[in-house]
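All values below come from the heavy atoms of this structure, side chains included, with hydrogens, waters and symmetry mates left out.
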Amino acid sequence: MSANRMSAAAGDRVWHAIKESFIKLSPLVMIRNPVMFVVELGTVIVLLMTLFPGYFGTEDRIGFNLTVFLILFLTVLFANFAEALAEGRGKAQADSLKQSKKAVMASKLMNGVIKVVPSTELRKGDIVAVAQGEVIPGDGEVIGGLASVDESAITGESAPVIKESGGDFSSVTGGTRVVSDYIEVRITSDPGESFIDRMISMVEGAKRQKTPNEIALNTLLISLTLIFLIVVVTLGPIASYLDIELEIPVLIALLVCLIPTTIGGLLSAIGIAGMDRVTQFNVLAMSGKAVEAAGDINTMILDKTGTITFGNRMASQFIPVGDVELDALGEWAAVSSMRDETPEGRSVLELMKTQGIPFHETLAEGGVFIAFKAETRMSGMDLSDGGRVRKGAVDAVRKWVEAQGGAIPMDLGEKSDFIATEGGTPLAVAVDDRIYGLIYLKDTVKPGMKERFEQLRRMGIRTIMCTGDNPLTAATIAREAGVDDFIAESKPEDKIAVIRREQAEGKLVAMTGDGTNDAPALAQADVGLAMNSGTTSAKEAANMVDLDSDPSKIIEVVAIGKQLLMTRGALTTFSIANDVAKYFAIIPAMFMLAIPEMGALNVMGLGSPYSAILSALIFNAIIIPLLIPLAMRGVAYKPMSSNKLLQRNILIYGVGGMIVPFIGIKLIDLVVHLWV
Amino acid sequence: MGILQMVVIILILLVLVKPLGTYLYHVFSNEGNRTDKWFSFAERPIYWLTGLRERKGMTWKVYALSFIITNLVLVAFGYLILRIQQYLPLNPNGIGSMEETLSFNTAISFMTNTNLQHYSGETGLSYLSQMIVIMMMMFTSAATGLCVAIAFIRAITSRGTTIGNFFEDFVKAQIRVFLPLAFIVAMVLVALQVPQTLEPTLSLTTLEGVQQRIAIGPVASLESIKHLGTNGGGFFGVNSAHPFENPNGLTNAIEILSMWCIGAALPYTFGLFAKNRKQGWVIFAAMMMLFLSFLALNYAAESQGNPAMNRLDMDSSQGNMEGKEVRFGIPQSSLFTTVTTAATTGSVNNMHDTGTPLGSITPLALMMLNNVFGGKGVGLMNMMMYAILAVFLAGLMVGRTPEFLGRKIEAREMKLIAIAILTHPLMILVPTAIALATSAGTDAITNPSFHGITQVLYEFTSSAANNGSGFEGLSDNTAFWNVSTGLVMLLGRYVSMVVLLEVGASLMRKGRVPETIGTFRTDNGLFVGILVGTVLIIGALTFLPTVALGPIAEHLTIR
């Protein structure tokens, strides 16, 4: 069912895009894309020559002129279609967002009295009460209460998140729903300026401004267009000296083939689709400029906890003390953790599995689980046979054993100190009056991070890890994760200092953050990715917000930024390289009637002058829709050194761009030549 | 053997690049070095006289204004002397004053380093004019070009807001580069039988008893700066084909190397300024690749002879010798033609008009590109413009904002480069179209049909590229041609110079992006290929339709 609905939606989008491509024919719209505007002008001229052949003296050329007109018209439509299609994808997303933006009634608190007002009347600073099942009427900050909030409307993540006043989980977004409990919220945005509003306008492309790189590329495309305009306009008088009359539609065909219509037609689609890829990735970029800047990042500053590591400590090693066997220690550690649902507890059982240490589950049968308490700082199990198994902080366990008159092994202190100096946390395991050994708990690097940092290094991006840990712990994690540098015992001000230092060297810096104290650094960074779960001030300071609140996504954002620039460069190169073949199709064709010897330049062996011109023109037109998928998807990007990347892309889009049209035009000519 | 003659000269050039490039770097690096000691005796009085004791760095605007005003004053001075030379001393042959439009054309022609000559030196200029207008401008125009190029190099390789002091650079270029080199070359030429005298034209009775007038004059001194400064204006009408300007193979080789060496050394100088010698060699390699392919085209076409003659079963073993000097033969003529148009000198030792159609593509194309070594500095600047363009196109493909020498190429630079890159085809194609569509233009054509198109195209290409060689055969001393080519020379010279200086200044203000493995490298072999590709596709293909109607059509129809 859903597949059907999706294809129906895609069909709708295509229909909508087709409609849009006609609406975009308005010269007022076209003028924003000078390359295609020139094509449109040419189309109109050829149309006039087709409609009023008597006036132009082109009675014997109506068929050819009509064909040229149709191809030119299609060229313009194809370009419009590409843009409309890209915009359409954003629109679909905006529509679903608008659903959640419907005006709701809000319970406004005024001097302790609840007054029900429409959400559109709420202003910054107003305080509202939101109870279970109600929709939060606007962006704001929780100032009282605690509630779980369903944010799936924006994030797509169905699991509710806890929001409470103070701290880093105080910000709520309008349009999300309180699932349980009750909160009081201070509204932080006026109507029309809320997060959802901004998001809608971003994905709709209403506020889309050309990015710096797009402007620069556009300038180049315009100057190429002007150059070819000069070439074609002067060709008429020059040829007239030889008494060669060049037909205006032929000159227009030459012009349209030479100006960079391929990239000109796809440029805005590439930009929109690039932004869209970021959005589909559930990251909201405040501007296209930020996405482009992501491609240029030299340094990435990442928080250790939550980004590089899981943030909770996991068992990584069993260290027996005294004359205890490793298997015995493992067995009792496992028994103590059998019903322990804390991450540490589960990690012990995981470690057993990975190390392949056998243990008898029957030992725990009928036992009573003793949960961790702040007073005891231990957890464990009272076995059915009366034995008591405990694991916990070393000094707590030591006292517990000593209280039962047990002896403390000589090497316990030395070994637990070693774990501490390595940046880990030692947990002691004891059964009754005997200490078996230590569990080495340490912060674990998320799987795959090492590979990703390796990729970043291949992209030429340096990673810096920030952590509040002591230098020893920080160094251990940094080594394990493979980051290039780290800052231990870092305070929020340190991040700013690092960013400034890197920027002073001309580097572009990206960072992620969620807390209020991250806000200044997020603002200072060239690319700041805030977590949606973070505070409002962090989100406002950043130029991107990750709706899934996954800080490691910054890496993908960089790849998308690079891919966006690469797609532009690749299609521009392709477009310009295409000119070589088009010259060899049209130049001999233009002059062959007057100078038959020019046929020697007809290296492709095209059927006739007119079929050569039409074939080049058809190739020029259909290459646009053929490349739409590539423009939307972006060119393939695998992290590798710039040199390899360049070699590969030059080969595909540069050399390929020279060869493909030779083949394409020849094939089209084989068909077209059947008629002309 | 023919190829060997060319190879030897090219090898000598390769040897010259490093020492000369290093010398130029020391002259203009503004860091104390030995050249200060050698030349300060001459420079200090000049600085003192001109009030240049404090030579503060200039912004690009002041620098541009300085060189334009200096050139303007010199043009006015030159124009005045040409108009009244009849009444001035050092005119032993009693030559009359020059006509207005021709004076306008000549003054601009020499100030813009073009040296397009719509007059014949031996009958149109007094010795005084040859020396204080023609030779003076040969020194000053070359120095202007060199200074602007150095300023551009400084801009793209340093940080700050100033790009050096034009007047200081100008004085240094004269005192430390052109005067000493010109003196040495002139002396060598004199030793190789090139005349250097203020005596009037000789009247002799030949063996046949006929009275013959043989023009002589201060030839060697003009000849040396003519080539060193890539000027190209000959003392005599037939330029370096004249036995007094270029008596033998050795002088021919010296002249080729003189006009080629500074242009070829500048990329190396640039590499030193950029603290990346490889970068300099990359630019040099791109130029050399283009140079060698066009040399091969010309040499192959000329060696095979004229196809129309070959069809008549005439002996073509000597190649197409029409319009060539027997003492130079095909190889030395081919190399001279290629160097003179690559370096935009414009001197000729053979008639380009009588070359084969395919062979004439070489000079045309090199002037259309105007960046294969190129005239004093301008060639390097144009090649850098293409390099920035190549970086912009290809650089995007590594997924970063394109950067060149650590500076980001952004909208502002692209806008300026758009102007520079538009000027050249505009200045060539539009006047060509006008000339071919009006009788004022077509009346001058002496060979109708395709060759006529080449004649007109060549004239404007030569003007726009500030080359100055003529395809000849064009009766171009008319008001239409004097004024139109005059304007084309002016715009062709100054628009791109000023615009590129601004590009440089704009890059100079930017922070340097540190180099990483993700940076698009511009100092390796791949970039040579990308650069050559960009030059050919964007620079050369633009002219293909017009060239197709000129030399290509001519070749195909006489085959």
Within a strict 4.5 Å, meaning less than it, do heavy atoms of the [X] and [Y] side chains meet?
X	Y	result
B/Leu556	A/Met598	yes
B/Met397	A/Ile650	yes
B/Leu526	A/Gln647	yes
B/Pro545	A/Val231	yes

Separation of [Y] [atom2] from [X] [atom1] (nearest 0.5 Å):
X	Y	atom1	atom2	result
B/Glu515	A/Ser642	CD	OG	9.0 Å
A/Leu220	B/Ile417	CG	CD1	9.0 Å
A/Leu258	B/Leu544	CG	CG	9.5 Å
B/Thr542	A/Phe228	OG1	CZ	5.0 Å
A/Asn643	B/Asn524	CG	CG	5.0 Å
B/Lys415	A/Ile222	NZ	CD1	9.0 Å

task = Sort by residue number and list every member of residues 532-539 of chain B having a non-hydrogen atom under 4.5 Å from chain A.
result = B/Ile537, B/Ile538
task = With chain A as the partner chain, list the residues of residues 400-408 of chain B whose heavy atoms fall under 4.5 Å from it, by residue number, and write 'none' if nothing qualifies.
result = B/Arg400, B/Thr401, B/Pro402, B/Lys408
request  = Among A/Leu226, A/Thr219, A/Ile238, single out the residue with the greatest number of heavy-atom pairs under 4.5 Å to chain B.
outcome  = A/Ile238
request  = Against chain B, work out which of A/Val580, A/Thr572, A/Asp579 has the most heavy-atom pairs shorter than 4.5 Å and name it.
outcome  = A/Val580
Can you name the nearest heavy-atom pair linking [X] to [Y], along with the distance?
X	Y	answer
B/Leu396	A/Gly569	CB-CA, 3.5 Å
A/Thr573	B/Leu393	OG1-O, 3.9 Å
A/Pro212	B/Ala411	O-CB, 4.3 Å
A/Asn298	B/Pro514	ND2-O, 4.1 Å

ask   = Using a heavy-atom distance cut-off of less than 4.5 Å, which residues of residues 554-562 of chain A contact chain B?
value = A/Lys562
message = Out of the candidates A/Ile227, A/Leu235, A/Thr234, only one should pair with B/Leu429 under the side-chain contact (heavy atoms from CB on, under 4.5 Å) rule; please name it.
response = A/Thr234
query = Is the side chain of A/Tyr241 donor-acceptor paired with the backbone N or O of B/Ala437 at a distance under 3.5 Å, no angle test?
reply = no
key: Partner set under side chain to side chain contact (heavy atoms under 4.5 Å, CB included) for A/Glu245, not counting sequence neighbours   = none
task = Measure distances from B/Ile445 to the heavy atoms of chain A and classify the residue's part below 4.5 Å as side chain, backbone, both or neither.
result = side chain
note = Max heavy-atom pairs within cutoff under 4.5 Å with chain A, candidates B/Thr432, B/Leu436, B/Ile409, B/Leu426, goes to B/Leu436
